[in-house]
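All figures in this text were calculated on a predicted structure; none of them were measured in a lab. Numbers here simply count residues along the sequence, with the first being 1.
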Amino acid sequence: MNLHEYQSKALLRQYGVNVPIGKMIENALDAEKVAREIPTDTWAVKAQIHAGGRGKAGGVKIAKSPEEVVNLSSQMLGMKLITHQTGPEGKIVRKLLIEQGIYYPGPSPIKEFYLSFLLNRNTSRYEIIYSTEGGMDIEAVAEKNPELIFRESIDPKVGLMPFQARKIAFNLGLEGQAWKEMTLFIQRLYEAFIGLDASMLEINPVLKSSDDRIWAADVKLIIDDNAIFRHPDIAALRDINEEDPAETEATAYNLNFIKLSGNVGCMVNGAGLAMATMDMIKLSGGEPANFLDVGGAANAQTVEAGFKIILKDPNVKAILINIFGGIVRCDRVAQGVVEAYKNIGHITVPIIVRLQGTNALEGKKLIDESGLKVAGATTIEEAAELVKKALAE
C-alpha cells in the first residue's frame with residue numbers, strides 16, 4: 001500500500017524522525033491560512049501523487065510569501081502532472097502539501113543524501129541503501145557512478161546495531177553535530193520501518209541543513225499489504241484515486257489482480273499456475289495483460305467480476321481462462337464465464353478456456369451447451385496453440 005508524502009511524514013514524526021512542519025490542503029482557499037500557521041520564511045508547495053519525479057515535472061514549487069503560496073496552490077490543484085513514473089496519461093493533483101522551508105542560509109554548507117530501507121529477498125535480510133548523491137534518481141547514480149552507492153545489511157534477528165548507524169554517517173562524510181544527528185536519524189528510521197511493517201522506506205533527499213540538522217525532506221513509504229490487518233489506522237489512509245481503477249475494483253471482489261501492459265488477458269486460480277500461464281502466453285508470441293488469481297473460494301459472481309475487469313482493457317486481444325479444479329470447482333468457473341458473457345453482451349475478443357480437475361467435465365458441458373463462441377482446451381500445449389491462433393487472426 002502506497003502512502004502520500006504528507007501521510008508518510010506524519011507517521012515518521014510519531015517515531016521521532018525530524019520532518020518539516022506541514023499540512024495538506026485540497027482547496028486553494030485554505031492555502032493562505034495554512035501558510036501563515038507555519039513558522040518559516042519560505043514555503044514548499046508540493047503536489048501529492050503516488051509517483052516520483054514531481055519536482056522535474058513542476059509538482060514542487062518554492063514560495064516566498066503566503067500570497068505566493070495561494071497563487072501556486074491555485075495553479076497546481078487540478079493540474080495533470082506527468083512524470084517519468086506516471087506515463088503520458090499523468091495524474092490529477094487533488095492534494096497539496098504546504099511545508100516549512102528547510103533550505104535556509106547558515107554557517108554550514110547544505111548537503112543532500114539518499115537513504116532507503118528495504119527487504120533483500122535474496123539474503124532474507126533488511127538492507128539500507130545510501131549515497132552521498134541525494135536529490136537525484138538513484139537508478140541514474142547506480143548506472144553512472146556505482147561506487148557512490150553503499151549498502152548495509154541488517155540481520156532481522158538482532159536489528160540495526162549502533163555501530164552500523166555510525167558507519168553510515170561516517171561513509172556519508174559527516175562529522176561533529178551532523179554526524180551525531182545522522183546516527184540518531186537512521187536509528188529512528190529503522191524503528192519506523194519495522195514498527196510500520198513497511199516493505200520500503202525511501203528518503204530522497206535526506207537534508208543536512210545549514211545548521212547541521214538532519215531532515216527527511218521527501219519520503220516514500222510503502223506498507224506491506226500482508227501486514228495491513230495490524231494497522232487499521234494506516235489502512236484508513238488509502239487513497240483510491242491514486243490506484244488503478246481495475247485493481248481497486250478487483251480488491252472489492254477479493255480478487256488478486258495486477259494490471260500489465262500485454263495483449264492477452266489471464267484468469268487463473270493459484271499464483272503458481274498464473275506464473276506458468278503467463279510464461280506460456282509469452283512462448284506463444286503474446287504478452288500477459290494482467291495477473292488475475294480468482295483463488296480457491298471463487299464462485300460465479302467473482303469469476304464474472306474478473307471477466308468484466310479483463311474486458312475493460314482495450315489492449316486485450318484474447319482471453320485465456322486456465323483453471324485447475326482443486327478447491328475451486330470448474331463448473332463454478334464455467335458458470336461465471338457463461339453469466340458474464342450473457343450480461344456483457346456482444347464480445348468480439350476470442351476466449352480460450354482450459355478446465356482440468358474437480359467437475360471439469362461438468363464445466364465443459366456448461367460451456368458447450370451455452371452456445372458461446374469459446375474455444376476449449378484440455379492441455380496447456382493446446383491452450384497455447386489456441387492463443388497463438390487467436391492473436392494471428
* Under a 4.5 Å cut-off applied to non-hydrogen side-chain atoms, are Ile321 and Phe307 in contact? -> yes
* Over all atoms of both residues, closest heavy-atom pair of Gly265 and Asn290 -> CA-OD1, 3.2 Å
* **Heavy-atom side-chain proximity of Val264 to Val387 below 4.5 angstrom** => yes
* Asked: Same cluster or not: are Met275 and Val294 linked, directly or through other Ile, Leu, Val, Met, Phe, Trp or Tyr residues, by side-chain heavy atoms under 4.5 angstrom apart?
  -> no
* Taking a hydrophobic cluster as the set of Ile, Leu, Val, Met, Phe, Trp and Tyr residues connected by side-chain heavy atoms closer than 4.5 Å, whether directly or through intermediates, do Leu174 and Ile128 fall within one such cluster? -> yes
* Asked: Around atom OH of Tyr104, are there more than 12 heavy atoms of other residues, nucleotides or ligands at under 6.0 Å?
  -> yes
* To do: Measure the acute angle between the ring planes of Tyr126 and Phe193, then classify it against the limits of 30° and 60° as parallel, tilted or perpendicular.
  => perpendicular
* Asked: Do Leu115 and Phe150 belong to the same hydrophobic cluster, where Ile, Leu, Val, Met, Phe, Trp and Tyr are linked whenever their side-chain heavy atoms lie under 4.5 Å apart, directly or via other members?
  -> yes
* Taking the side chain from Asp197 and the backbone from Asp224, do they hold a donor-acceptor pair closer than 3.5 Å? -> no
* Is the closest side-chain donor-acceptor distance between Gln187 and Glu191 under 3.5 Å? -> no
* **Over 12 non-hydrogen atoms of neighbours within 6.0 angstrom of CG in Asp41** => no
* To do: Mind listing the closest non-hydrogen atom pair of Ala47 and Arg54 along with its distance?
  => O-NH1, 2.6 Å
* Asked: Do Asn322 and Arg354 get their side chains close enough for a donor-acceptor pair, meaning under 3.5 Å?
  -> yes
* Structure fact -> So SG of Cys266 and CD1 of Ile319: to nearest 0.5 Å the spacing works out to 9.5 Å
* To do: Check the side chains of Lys208 and Ser108 for a donor-acceptor pair under 3.5 angstrom, ignoring hydrogens and angles.
  => yes
* **Shortest non-hydrogen separation from Ser124 to Leu119 and the atoms involved** => C-CD1, 4.5 Å
* Atom pair CD (Glu381) and CG (Leu283), whose distance is rounded to the nearest 0.5 Å -> 11.0 Å
* Between Asp239 and His50: side-chain donor-acceptor atoms closer than 3.5 Å -> no
* According to a 4.5 Å side-chain heavy-atom criterion applied to Ile, Leu, Val, Met, Phe, Trp and Tyr, with indirect links allowed, do Ile380 and Val353 form part of one hydrophobic cluster? -> no
* To do: Consider only side-chain heavy atoms of I, L, V, M, F, W and Y, link residues closer than 4.5 Å, and tell whether Tyr130 and Ile110 are in one cluster.
  => no
* **Option from Lys259, Lys308, Lys312 for which salt bridge (Lys or Arg N to Asp or Glu O under 4.0 Å) with Glu249 holds** => Lys312
* Asked: Does atom CD of Glu175 have more than 12 heavy-atom neighbours, drawn from other residues, nucleotides or ligands, at distances under 6.0 Å?
  -> no
* Asked: Just by distance, do the side chain of Arg230 and the backbone of Leu196 share a donor-acceptor pair under 3.5 Å?
  -> no
